[in-house]
Structures are given as C-alpha cells and as structure tokens.
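Computation of the quantities below employed the complete heavy-atom set of this structure, encompassing side-chain atoms and omitting hydrogens, waters and symmetry-equivalent molecules. Bear in mind that the values here come from a model prediction, so they are computed numbers and not experimental data.
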Amino acid sequence: MDLRLRQLSKHYPGVAALDDIDLEIASGELVALLGPSGSGKTTLLRVIAGLLHPDAGQVFFGEVDATRLSLRERNVGFVFQHYALFRHMRVAENIAFGLRSRPRRTRPDKATIARRVNELLGLIQLPEYGDRYPEQLSGGQKQRVALARALAIDPSVLLLDEPFGALDAKVRVELRRWLRELHEQTGQTTLFVTHDQEEALELADRVVVMREGRIEQVGTPDAIYRQPASAFVFEFIGRANCLEGEVRAGRFHVDGSPLALSAEDVKEGRARMFVRPHDLVLADDDGALAARVLAVHRRADRITVELAAERQERVLELDLPASPDTVPPAPGRTVGVQALRHRLYPA
Ligand code: ADP
Ligand code: MG
C-alpha cells in the first residue's frame, strides 16, 4: 500500500518533534528514516502507526485518509528496538497473537492460523523454534520472531524502529542483509528507522534524512552519498573533511593555501568545502594544500593520515590503501594534498 504524509507537525513544550513533514512512499518500497537521536524519527513512525496524533497534517494509506483511524484500523505491523515479545508465550503463540486477537468475524480458523505461523517460521528461518519461549532465543532470533509477528496480520505497512539497535555489530550486519532479502520476497511497504548511516545506505531503496523534526534530504542511497544536499547530510553520511575558504570568480580558494577548485553554480563569498578522506590524495604540485602530518593510524582496511593545514581549524584525514607496499608519510613532515572530488556549501 502506498503512503502519503501531508504537512505533519507535532510539537512538545519547547520542541518541534515534527515540523511540516511531506513524504510519499510507493507501494513495495523499503525506505530508511535516518537521523541523529532526537530528530523525530520515532515520533514520525508513531504518527504513521496511529499511536500518536499529530497537531496538524494528514496521513493517507492509499486513497484513504487514515489520520483519525486507530492502530488496529490501519492494520500496521510494528517492530520496536527492544524485543516486545510476550515472555509467557511460545514463539508460535507470539506470531499468532495478532490473528488470534481479531474479532471473531475476521479471525481465521485455527488450522489457517497454524499454517500461517508455520509459513512465517520458515520465512524467518526458524522452522523448528515454534515451541520455544523468548528467553530461549538469541537477540537476533527474537527480532526475527518480532518481525514474523508483525507480518502475520498481512500489514498495510511495516514500521521498524531501530529493530537491530540493541544487537552487536556482526549480528546487525547479518540481519540487515536478511531483511533486504526478506523484503524482496514479501514486497511489503516498509519504513525502517535507524541512526546508522551504513545500515540505511545498504538496505534502503530510498533514504530520508531527518534533522530537528524536518526532512533534510530524500533520495536514493547513491544520491544521498554522492550529492548530499547540505553540510549536515555530508557529515552525517560518512567520514568528512571540512576546509574553510571563499568563492571568487567561479573558484573556491582554500584559506591559507594556493589550493583552488571549481565552484560552478556556487554563489560568491565565504563557503566550506567538504571532501571524503578517500578523495584526498598526496600531491607535490604547486597548487596543492600544504599540511603537516600529525599522526598515522593503521587499520585493517586502510591507513589514515591525520593532517593539519595552515589557517584551518579542523584536522584533516587522508586515507591510503592498506596494502603492504604503502609507505605513509612520517609524522612531522609537511606534504602536499589535492582533492579528487569535493562539495561546496555556503558558510
Ligand atoms: P528520535 O526517534 O529521532 O530519536 P523522537 O521522535 O523520539 O526522536 O523525539 C523527537 C523530539 O521530540 C526529541 O526532542 C524528544 O525529546 C521530543 N519528544 C518525543 N516524545 C516526547 C514526549 N512524549 N514528550 C516530550 N517531548 C518528546
Ligand atoms: Mg527513536
């Protein structure tokens, strides 16, 4: 089912949790809501679910204005960060819960429910686990059961609020791949909240970046990564270097350096240039940025050189390949630096 949000606002004393949110989600899409803590992600999910009433605006499920409908009438599936499984119920009973608690008129018969539960146990790859209790499962297994429970009612939309947030990093990566595959099988319209940019970029068809109750940018993972609409998005989406400078006559001039880069379609005046560590390279030419090596950090997948440049407040990071042949410059040396790719934002 497609989903349309129109001018949604929700205020709490002293804070706009949602500030004029407009968003459309197509049927079958997997969309990630990405933003720092407090940016309004959970509030937006709760408004869509019908757990919270907005101060203004509307929520449409397909052509139906659902703004006044209850959670149950909207028939949404919801998964929370902290496993909300019923501890005294077996896995199969947990999954069946939404169907069993329907009014008699719309409740499937016992055999149908049992079939559906078995199907879902297969889908979450826990076919033998129906008789277990939640405490007999790992964290990742519990979240898969929570997902099966949400899917059991054949929800109009699936809403996931940081579902893997409490799990360790390795399990999180496995589950995010699994969720992507599951989504390809079910084609369920899904809205997925995360504060982890890697999770959002890897998993989603589209990413919605939120900041202080507003949408900062909506786009494909590729567009968000390559064309961040603001300095905020650039910095939030990955490691970032920032250089202060000025745009004059179509060029960005880095303060305290001969380094000048193209600045087409950017207005004249003070600006900030952002560049990823892997887009900075060592270069000897006259036009390079001179920077002093502060430290060198070896990691499994890269060598990171920390640099300080004249008149630049922020330390720069430049990545070199982690191959055994790489000889990083020694701390204390001054090196030249060029940028392969950059983005400019008004200061
Ligand atoms: P996120 O999920 O992105 O971390 P939330 O949607 O939980 O953010 O919160 C957005 C903002 O609204 C925060 O500033 C939060 O403190 C505030 N907020 C959320 N719920 C309430 C509430 N029930 N009462 C007061 N303030 C709230
Ligand atoms: Mg939240």
Side-chain angles (χ1 to χ4, degrees), residues 32 34-37 39 194-202 204 206-212 214-283 285 287-297 299 301-321 335-347:
L34 175 67
S37 177
S39 56
T194 180
H195 63 264
D196 178 341
Q197 75 282 0
E198 222 178 86
E199 196 162 87
L201 294 177
E202 184 174 323
R206 279 194 309 152
V207 177
V208 177
V209 183
M210 291 191 66
R211 177 195 193 183
E212 295 176 2
R214 301 184 71 95
I215 292 179
E216 188 86 358
Q217 185 172 4
V218 182
T220 61
D222 203 56
I224 297 273
Y225 190 77
R226 289 177 202 284
Q227 288 130 26
S230 63
F232 173 84
V233 177
F234 196 108
E235 291 202 86
F236 194 71
I237 238 58
R239 292 161 62 228
N241 291 302
C242 173
L243 288 161
E244 307 279 340
E246 196 165 280
V247 176
R248 290 190 306 270
R251 306 278 290 169
F252 176 77
H253 298 268
V254 176
D255 290 345
S257 160
L259 184 63
L261 296 160
S262 65
E264 281 157 45
D265 304 324
V266 183
K267 81 171 186 346
E268 302 261 312
R270 299 295 302 166
R272 288 184 297 165
M273 167 185 149
F274 284 79
V275 52
R276 305 270 177 221
H278 58 81
D279 288 331
L280 279 182
V281 289
L282 298 173
D285 57 291
L289 171 77
R292 193 164 46 83
V293 177
L294 298 174
V296 174
H297 303 289
R299 303 236 150 77
D301 59 338
R302 62 174 191 262
I303 296 169
T304 297
V305 183
E306 278 183 15
L307 301 158
E310 201 71 18
R311 289 189 47 206
Q312 295 293 334
E313 225 161 82
R314 287 167 60 168
V315 170
L316 303 175
E317 289 189 342
L318 177 152
D319 283 353
L320 297 171
V335 295
V337 173
Q338 278 284 5
L340 299 177
R341 253 175 241 102
H342 66 282
R343 302 270 307 169
L344 294 168
Y345 302 100

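Taking both residues in full, the closest heavy atoms of F232 and V209 are given as CE2-CG1, 4.0 Å, listed atom of the first, atom of the second, then distance. Closest approach of R276 and I237 over heavy atoms only: NH2-CG2, 3.0 Å. Annotation for A32 and A200: closest pair CB-CB, 3.8 Å, computed over non-hydrogen atoms. Shown here for V337 and A291, the closest heavy-atom pair between the two residues is CG2-CB, 4.4 Å. Minimum interatomic distance between A288 and A283 (heavy atoms only, all atoms of both residues): CB-O, 3.8 Å.
Residues L259 and Q338 are in side-chain contact: their nearest non-hydrogen atoms beyond the backbone lie under 4.5 Å apart. Counting only heavy atoms from C-beta outward, the side chains of Q197 and L34 approach each other to under 4.5 Å. Residues L294 and L307 form no side-chain contact, since every pair of their non-hydrogen atoms from C-beta on lies 4.5 Å or further apart.
When the shell of 6.0 Å around CD of E235 is examined, it contains more than 12 heavy atoms from other residues, nucleotides or ligands.
Listed by first and then second residue, the side chain to side chain donor-acceptor pair (under 3.5 Å) pairs involving residues 263-273 are D255-R270 (not counting sequence neighbours). Among pairs with a residue in residues 221-230, those fulfilling side chain to side chain donor-acceptor pair (under 3.5 Å) read E216-S230, D222-R226, Y225-H278, at least two apart in sequence or across chains.
In this structure E212 satisfies the salt bridge (charged side-chain N to carboxylate O under 4.0 Å, His left out) test with no other residue, sequence neighbours excluded. Legend: residues meeting ring pair (Phe, Tyr, Trp, His ring centres under 6.0 Å) with Y345, ordered by chain and number and at least two apart, are F274. Under the salt bridge (charged side-chain N to carboxylate O under 4.0 Å, His left out) criterion, R206 pairs with E29, sequence neighbours left out.
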Compile the donor-acceptor pairs under 3.5 Å between side chains in residues 242-250 and protein atoms, sequence neighbours left out, one pair per line.
{"from": "E246", "atom 1": "OE2", "to": "R248", "atom 2": "NH1", "distance (Å)": "3.3"}

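For the atom pair CG (L289) and CG (L280), the distance works out to 8.5 Å, reported to the nearest 0.5 Å. To the nearest 0.5 Å, atom CG of residue L340 and atom CG of residue L261 are 10.0 Å apart. The CD atom of E306 lies 11.5 Å from the CG atom of L318; values are rounded to the nearest 0.5 Å.
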Report task. Kindly indicate, with the supporting measurements, whether the criterion side-chain contact (heavy atoms from CB on, under 4.5 Å) is fulfilled by L282 and L320. Result -> CA-CA 9 Å; L282 298 173; L320 297 171; 4.3 Å; yes
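Under the 3.5 Å distance criterion, the side-chain polar atoms of Q217 are matched with a main-chain donor or acceptor of A229. The backbone N or O of P228 lies less than 3.5 Å from a partner atom in the side chain of R343, making a donor-acceptor pair. A donor-acceptor pair is defined here as one N or O able to donate and one able to accept, closer than 3.5 Å; no such pair exists between the side chain of H342 and the backbone of A263.
Just one of H297, R239, R302 meets the side-chain hydrogen bond (donor to acceptor under 3.5 Å, both in side chains) condition when paired with E317; it is R239.
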